[in-house]
Amino acid sequence: MLEIYNTLTNQKEAFKPLEENKIRMYVCGMTVYDYCHLGHARVMVAFDVIYRYFLDQGFEVSYARNITDIDDKIIQRAIENEEDFNHLTQRFIEAMHEDENSLGVLRPSLEPRATDNIPAIIKMIETLIEKGYAYQGSTGNVYYDVSKFEGYGKLSGRNLDDLRQGAGDRIRIDGAKDDPLDFVLWKPAKAGEPSWDSPWKRGRPGWHIECSAMSTELFGATFDIHGGGKDLQFPHHENEIAQSEACTGQHFANYWMHNGFIRIDDEKMSKSLGNFFTIREVLKHYRGEEIRYFLLTSQYRSPLNYSKEQLDRANKGLSRLYVALRGLPIVAVLKNTDFSARFHDAMQDDFNTPEALAVLFDLSRATNTVRQKEGKLNAAPYGALLKQLGSLLGVLQMDPDEWLQNDEHHQGLSRETIETLIQARLTARANKDWAQADKLRDELTTQGISLEDKGTETLWRRD
RNA sequence: GGCUGAAUGGCAGAGUGGUGAUGCAGCGGCUUGCAAAGCCGUCAACCCCAGUUCGAUUCUGGGUUCAGCCUCCA
């Protein structure tokens with residue numbers, strides 16, 4: 001039975017979709033005014049694994065991950081760059097898709113964009129005004145009146161009094177608002193800013209409303225899963241609930257899933273702290289699959305510290321798994337094993353990927369043992385299972401030799417030179433000229449090439 | 001101040017009321033011309049103080065420390 005930790009109730013719950021066999025999942029995606037960093041990579045990969053697992057379990061999955069392509073920061077960045085805002089957002093959407101490809105992330109089934117859904121947004125704001133949940137302030141902004149919504153704070157475990165008290169002087173008292181906690185639904189445009197016609201002033205939507213409008217538009221008033229980074233729990237998701245439930249009068253998402261942060265030196269990685277690494281920066285030194293593996297070494301809700309050492313370990317861990325697969329013929333998968341059972345138990349326990357990876361290592365050991373004792377042919381079904389389970393995590397799908405010989409990041413010897421040196425060494429070995437053979441091997445070792453003698457042939461890999 | 005969540009071996013990171021995580025690193029062996037890889041074995045942990053229990057790292061209470069949210073953030 002699949003259990004998911006639900007942030008709404010702060011406990012693991014048995015997962016039951018609204019419609020049998022069908023899952024509707026909405027995840028808050030990127031605001032596209034800059035390159036994605038590792039924090040974004042974590043959301044992408046975490047929900048990608050969840051998506052893959054649901055698909056593997058035979059569900060029909062509608063997975064929507066929105067793109068916020070209009071907001072204050074986008075406008076500001078466009079002005080700084082002297083660039084049309086559509087051009088800016090298009091650039092970073094393309095960059096995002098490149099990053100996703102590098103990480104082996106499947107494209108969500110839907111990628112709704114805020115600017116494509118302005119009519120749905122306006123419609124929802126109108127309904128909120130009609131129902132008395134929203135009002136237009138003196139400056140022309142349309143605000144959501146949090147005091148009208150009874151359940152405000154239920155996702156983040158707060159109440160209005162706590163919030164008002166905790167806010168202190170951090171929240172500016174905007175004269176146009178009835179309550180400092182009210183948030184903006186529609187914002188009038190300044191001259192030259194991107195804007196849309198509306199029943200109010202010409203302007204643009206506030207940040208939270210797009211997700212309410214688009215998820216409701218795509219999935220209806222109630223759907224199965226709503227996800228995103230932990231930092232969106234408040235206020236973004238809290239506000240989404242307020243907007244959607246006030247508008248439709250129905251329960252919004254059933255399961256809320258929030259992934260933990262990436263940290264640098266035990267501190268949250270974030271744009272405001274300036275301590276972030278973009279995905280493409282890290283890709284200069286490590287491969288996408290290494291980054292992906294690194295992200296899977298901790299459960300998605302736990303914090304995860306980024307360091308070079310961790311990425312190096314990811315490389316070693318993956319090498320161990322790929323070594324087990326190396327040279328095995330392609331055959332049918334081993335059936336009904338304890339390994340699959342344990343793997344699925346781990347995944348069904350709120351997507352426990354570290355535990356699932358542990359199973360892959362046990363399985364690789366079994367593969368190696370069988371290979372040593374009974375030969376390649378008998379080991380192959382184990383390898384096939386290893387690769388199949390790996391596919392659920394989005395790893396181990398490359399050709400093992402290609403992975404181990406890693407042509408992506410080296411500045412050393414070419415393949416041709418390596419092969420030539422290996423041939424020369426094989427000749428020396430055949431003549432039992434160990435001094436010459438060792439000299440050639442040392443030469444390769446200093447270039448970061450490890451050799452493995454297997455009978456009459458020699459395998460090599462880059463460290 | 002309010003609200004969350006954490007504290008596990010040298011490092012990373014799961015999990016459990018009583019024996020195994022797993023990976024990296026270390027140590028011994030098998031294997032190898034010697035290595036590498038692999039296999040076998042091995043070392044080693046559960047923040048502190050009470051309580052519940054035959055037994056607690058795991059449950060309860062208190063404490064300490066850390067991280068996050070309460071302001072844009074994945």
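Letters A, B, ... mirror the listed sequences (proteins, then strands); counts begin at 1.
Base pairing annotation: B/G38 forms a Watson-Crick or G-U wobble pair with B/C30, both donor-acceptor distances under 3.5 Å. Pair assignment for B/A12 gives B/U22, based on Watson-Crick or G-U wobble hydrogen-bonding distances that are each under 3.5 Å. B/C69 is paired with B/G2 under the criterion used here, namely a Watson-Crick or G-U wobble arrangement in which both key atom distances are under 3.5 Å. Remark: B/A7 base-pairs with B/U64. Criterion, Watson-Crick or G-U wobble with two distances under 3.5 Å.
Note on A/Asn352: only backbone sugar-phosphate atoms sit closer than 4.0 angstrom, heavy atoms only; bases stay farther off. Counting non-hydrogen atoms under 4.0 angstrom, A/Ser270 reaches a base of the nucleic acid. Across all strands, A/Phe261 comes closer than 4.0 Å to base atoms (heavy-atom distances). Residue contacts shown for A/Met269 include a base, since a base heavy atom lies under 4.0 Å away. When heavy atoms are screened at a 4.0 angstrom cut-off, A/Ser298 is found touching the sugar-phosphate backbone but no base atom. If you check every strand for non-hydrogen atoms under 4.0 Å, A/Gly229 touches sugar and phosphate atoms only. Contacts of A/Asn368 with the nucleic acid, taken as non-hydrogen atoms under 4.0 Å apart, involve only primed sugar atoms and P, OP1 or OP2. Residue contacts shown for A/Glu309 are absent, as no nucleic acid heavy atom lies under 4.0 Å away. Nucleic acid contact class of A/Gln310 (heavy atoms, under 4.0 Å, all strands): sugar-phosphate only. Residue contacts for A/Arg425: at a heavy-atom cut-off of 4.0 Å it reaches a base atom on one of the strands shown. Note on A/Arg461: only backbone sugar-phosphate atoms sit closer than 4.0 angstrom, heavy atoms only; bases stay farther off. In this structure, A/Asp312 reaches neither bases nor backbone, as no heavy-atom distance under 4.0 Å exists between it and the strands shown. Counting non-hydrogen atoms under 4.0 angstrom, A/Arg326 reaches nothing in the nucleic acid. Counting any heavy atom pair closer than 4.0 Å across all strands shown, A/Leu232 reaches sugar-phosphate atoms only and no base atom.
Donor-acceptor pairing under 3.5 Å, judged by distance alone, is absent between the side chain of A/Asp231 and the base of B/G68. You won't find any donor-acceptor pair under 3.5 Å spanning the side chain of A/Arg365 and the base of B/C39, going by distance alone. Between the base of B/A74 and the side chain of A/Arg42 there is no donor-acceptor pair shorter than 3.5 Å.
Of the C1' atoms belonging to B/G38 and B/U31, the separation is 9 Å, rounded to the nearest Å. Separating the P atom of B/C48 from that of B/G41 is a span of 31 Å, rounded to the nearest Å. Nucleotides B/C43 and B/U8 are separated by 22 Å at their P atoms, to the nearest Å. B/C73 and B/G68: their C1' atoms are spaced 12 Å apart (whole Å). B/U57 sits 11 Å from B/G18 when the P atoms are compared, rounded to a whole Å. Taking the P atoms as reference points, B/A67 lies 38 Å from B/A37, given to the whole Å. When the C1' atom is compared between B/A25 and B/A6, the two are found 26 Å apart, to the nearest whole Å. Taking atom P on both nucleotides, B/C30 is separated from B/A36 by 14 Å, rounded to a whole Å.
The distance between atom CG of A/Leu360 and atom P of B/A14, rounded to the nearest whole Å, is 16 Å. As rounded to whole Å, 10 Å separates atom P of B/U4 from atom OH of A/Tyr5. Between A/Phe276 atom CZ and B/C72 atom C1' the separation is 13 Å, expressed in whole Å. Rounded to an integer number of Å, the gap from CG of A/Asp72 to C1' of B/U71 is 13 Å. Rounded to an integer number of Å, the gap from A/Leu155 CG to B/C3 C1' is 12 Å. Whole-Å rounding puts the A/His258 NE2 to B/A74 P distance at 13 Å. The CG atom of A/Asp362 sits 6 Å away from the P atom of B/U22 (whole-angstrom rounding). Rounding to whole angstrom units, CZ of residue A/Arg158 and C1' of B/G68 are separated by 10 Å.
The phosphate of B/G68 has neither OP1 nor OP2 within less than 4.0 Å of any side-chain N or O from A/Arg263. For B/C39, one of the phosphate oxygens OP1 or OP2 lies less than 4.0 angstrom from a side-chain nitrogen or oxygen of A/Arg320. OP1 or OP2 of B/U4 has not a single side-chain nitrogen or oxygen of A/Arg301 nearer than 4.0 Å. OP1 or OP2 of B/C69 has at least one side-chain nitrogen or oxygen of A/Lys268 nearer than 4.0 Å. Between A/Ser364 and B/G23 there is no side-chain N or O to OP1 or OP2 distance below 4.0 Å. At the phosphate of B/A25, OP1 or OP2 sits under 4.0 Å from a side-chain N or O atom of A/Lys316. For B/A36, neither phosphate oxygen OP1 nor OP2 lies less than 4.0 angstrom from any side-chain nitrogen or oxygen of A/Trp460.
Here the options are A/Thr420, A/Asp453, A/Asp433, the test is side chain to side chain donor-acceptor pair (under 3.5 Å), and the partner is A/Arg425; only A/Asp453 passes.
A tilted orientation is assigned to the rings of A/Phe47 and A/Tyr300, their planes being inclined by 30° to 60°. In this pair, A/His208 and A/Phe183 present their aromatic rings perpendicular. The plane angle is above 60°, beyond the 30 to 60° band. The aromatic rings of A/Phe276 and A/His37 lie tilted to each other, with the angle between the two planes from 30° to 60°. Using cut-offs of 30° and 60° for the angle between ring planes, the A/Phe234 and A/Tyr152 rings count as perpendicular.
For the residue pair A/Glu80 / A/Tyr33, no side-chain donor-acceptor distance below 3.5 Å is found, with atom types taken as modelled.
Put simply, the side chain of A/Tyr382 reaches to within 4.5 Å of the side chain of A/Leu363, judged on heavy atoms. Residues A/Glu290 and A/Glu408 have side chains not in contact (no heavy-atom distance under 4.5 Å, counting atoms from C-beta outward).
With distances taken from any side-chain atom of A/Val323 to the nucleotides B/G33, B/C73, B/G38, the minimum falls on B/G38. Looking at the side chain of A/Arg429, the nearest of the listed nucleotides B/C70, B/C34, B/C72 is B/C34. For A/Leu304, the side-chain atoms get nearest to B/G13 when compared with the rest of B/C39, B/C70, B/G13. Side-chain proximity of A/Arg441 to the nucleotides B/C72, B/A35, B/A21 is greatest for B/A35. When each of B/G33, B/G38, B/C70 is scored by its nearest atom to the side-chain atoms of A/Asp453, the top-ranked nucleotide is B/G33. Nearest to the side chain of A/Trp207, among B/C34, B/C72, B/U4, sits B/C72.
For the pair A/Glu83 and A/Arg91, the salt-bridge criterion is met [side-chain N within less than 4.0 Å of a carboxylate O].
Around CG of A/Leu160, the count of heavy atoms belonging to other residues, nucleotides or ligands within 6.0 Å exceeds 12.
Nearer the 5' end of RNA chain B, as judged by each residue's closest nucleotide, is the contact made by A/Gly317, out of A/Gly317 and A/Gln372. Map A/Arg342 and A/Phe361 each onto its nearest nucleotide of RNA chain B; the residue landing nearer the 5' end is A/Arg342.
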